[in-house]
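Computed over heavy atoms, backbone and side chain alike; hydrogens, waters and symmetry mates excluded.
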Amino acid sequence: MVENNVFDISALNVWYGEKQVLKDINIEIKANCVTALIGPSGCGKSTFLRCLNRMNDFIPEFHLEGKIINNGTDLYAQKIDPIEIRRDIGMVFQKPNPFPKSVYKNITFGLNIFGVKDTEKLDKIVEDSLRKAALWDEVKDDLNRSALSFSGGQQQRLCIARAIAVNPKVILFDEPCSALDPIATGKIEDLITELKKDYTVVIVTHNMQQAARISDFTGFFMLGELAEFDKTKKIFTDPSNKVTEDYITGRFG
Amino acid sequence: MNTEETFDVKPIGRLFAVLSYFTKINLAGLMKNFSRKKAYDKGIKGILFLCASLSILTTIGIISVLIFETVEFFKEVHILDFLFDSQWTPLFYEKHFGIMSLLCGTILVTLIAMLVAIPLGILSAVYLNEYAGERFRSIAKPVLEILAGIPTVVYGYFALFFVTPLLQKVVPGLSGFNALSPGIVMGIMILPMISSLSEDAMRAVPKSLREGAYAMGATKMQVAFRVVIPAATSGIVSSFILGMSRAIGETMIVTIASGQMPRLTFDPRVPIETITAYIVQVSLGDTPVGTIEYNTIFAAGMTLFIFTFTLSIFSHWLKKRFREEYS
Ligand SMILES: Nc1ncnc2c1ncn2[C@@H]1O[C@H](COP(=O)(O)OP(=O)(O)OP(=O)(O)O)[C@@H](O)[C@H]1O
Ligand SMILES: [Mg+2]
């Protein structure tokens, strides 16, 4: 299997106002792999993740230098429309954030805004996405019930299904399991492993075991710098950096 | 439906709540707080209790007078005539008491006002909330609030001497007094209220919902109209209702600019009369107290009261009903 890079990131520096939060990040993210980002709180993992689909654009004091190349496109080039970018690069957030609408309308939201009206097609995509998100059996009789009436774990899988429905190439996860119990977490982990067949996954997590279990590559962030980036196996068995070792063995952070 | 039978005293408590809602003063809370400190200073408590009772008593008084005089009125005029006669001419020799022609005027002007205020209010709320920068908003909001502080008599003359002549150039057959011009001006008057309350409702929609939509490639406009507005519906609709109550009860603009001709029509170009304007007309005239002509204003006032009271109860119900939407 030929591994090609979905993201080629070089010399990435990010500031919020005067404060620099990412320093000279260089990283390659491979297609159809799960890349985990770990590191202590406040080290810039979320900021980095949100650079990848330009979700930081909404923060007025945000400022970026360097290059993020996504399949040959420079994401921060002048002519790039961030709206287009986000259609290809979906995101699942820390706290489940379904819309206060029915399950069905949550899933079809993205398709509706792209102008898909064909009900047969919509029905099919709803079923497919819910199946992929391992939620179909639980909600198939309740598609018109409000999404808010489901449990946190179900809501989070619904958000994943919602992201899948618009058929992105990459899905970014920012601590998707931090609000969930172990069972729901297990389901989402299985799901992510399943997803990498069709999508490229980048996930921020505070759970070392989770990173070890589901990821192929792991990046360790430390004070805004990428302290170490390697195959997950290497990071967790033979880290080349002393700080990484201290962090993953729980000696700090 | 006869008002003297259906109106019992229980809603006084609710009215009290509505009253404190409108005046933005938490009367009940005030009283509770002070009663907790009763060991502290009984004298103060007594005075405050008197003040609070005074406002309740005033309300009770107003409603009692309203009911009493309305009862007097219906001793002479049959309820069916009141509801179904198409003319309202209590001051003429040949008297008719069909409230519908006044109600029609009120509804017509209110409708026009809402047609102006709702779209503009929503759009300005969307703009302020989703598009405008912090600096623009910090200037625009106070300016909008100044609009709300202009005395209504100024709006009235603005309608009569500025808007009407202007409209006469584009609307054929528009009389000097009409429903259109005061309706539009009234819409402008309640616009700040609708815009500001809707904006509050939209602001309360969690950021995470907006992010969820943006992350799927939604545009600003799609986020505003498909996520934020639907999620803020209950707040937005209750701002409409509040604006509507305001329009229904508005007196000065219509007294000045809409004429004094009660008639059963939805033609916005001809002179009409609203319930409020009629009450002013009779109050300012030399109608002797106790006559049937005089009592008409209480029957008209009662109609108005029932109308706005129902609206505000509806808006409270709406708020409760949709409160849990995004919690
Ligand atoms: N909108 C913002 N404005 C200013 N500073 C910010 C903003 N968002 C984040 N920061 C700062 O940037 C730094 C990195 O934040 P970021 O959220 O990326 O950390 P993180 O690694 O995701 O942390 P956590 O693990 O707690 O989620 C922090 O010091 C934070 O205070
Ligand atoms: Mg974070």
Part of P60(A) within contact of chain B (heavy atom distance under 4.5 Å): neither
Hey, is NZ on K121(A) packed in by over 12 heavy atoms from elsewhere, all under 6.0 Å? no
Side chain, backbone, both or neither: which part of N112(A) has a heavy atom under 4.5 Å from chain B? both
Considering non-hydrogen atoms only, spot the tightest contact between A215(B) and M91(A) and give its length. CB-CB, 3.8 Å
Honestly, the part of R50(A) sitting under 4.5 Å from a heavy atom of chain B is side chain
If you round to the nearest 0.5 Å, how far is CD1 of I83(A) from CE of M216(B)? 12.0 Å
Which pairs, with at least one residue in residues 69-111 of chain A and sequence neighbours excluded, count as a ring-ring contact (aromatic ring centres under 6.0 Å, His included)? F99(A)-F109(A)
Honestly, the part of L172(A) sitting under 4.5 Å from a heavy atom of chain B is neither
For K67(A), look at atom NZ and say whether over 12 heavy atoms of other residues, nucleotides or ligands are found less than 6.0 Å away. no
Tell me whether E61(A) at atom CD has more than 12 heavy atoms from other residues, nucleotides or ligands lying less than 6.0 Å away. yes
How long is the gap from CD on E211(B) to CZ on F58(A), to the nearest 0.5 Å? 8.0 Å
Counting only heavy atoms not in K141(B), do more than 12 fall under 6.0 Å of its NZ? yes
Counting distance only, does the side-chain N/O of N97(A) pair as donor-acceptor with the main-chain N or O of L209(B) below 3.5 Å? no
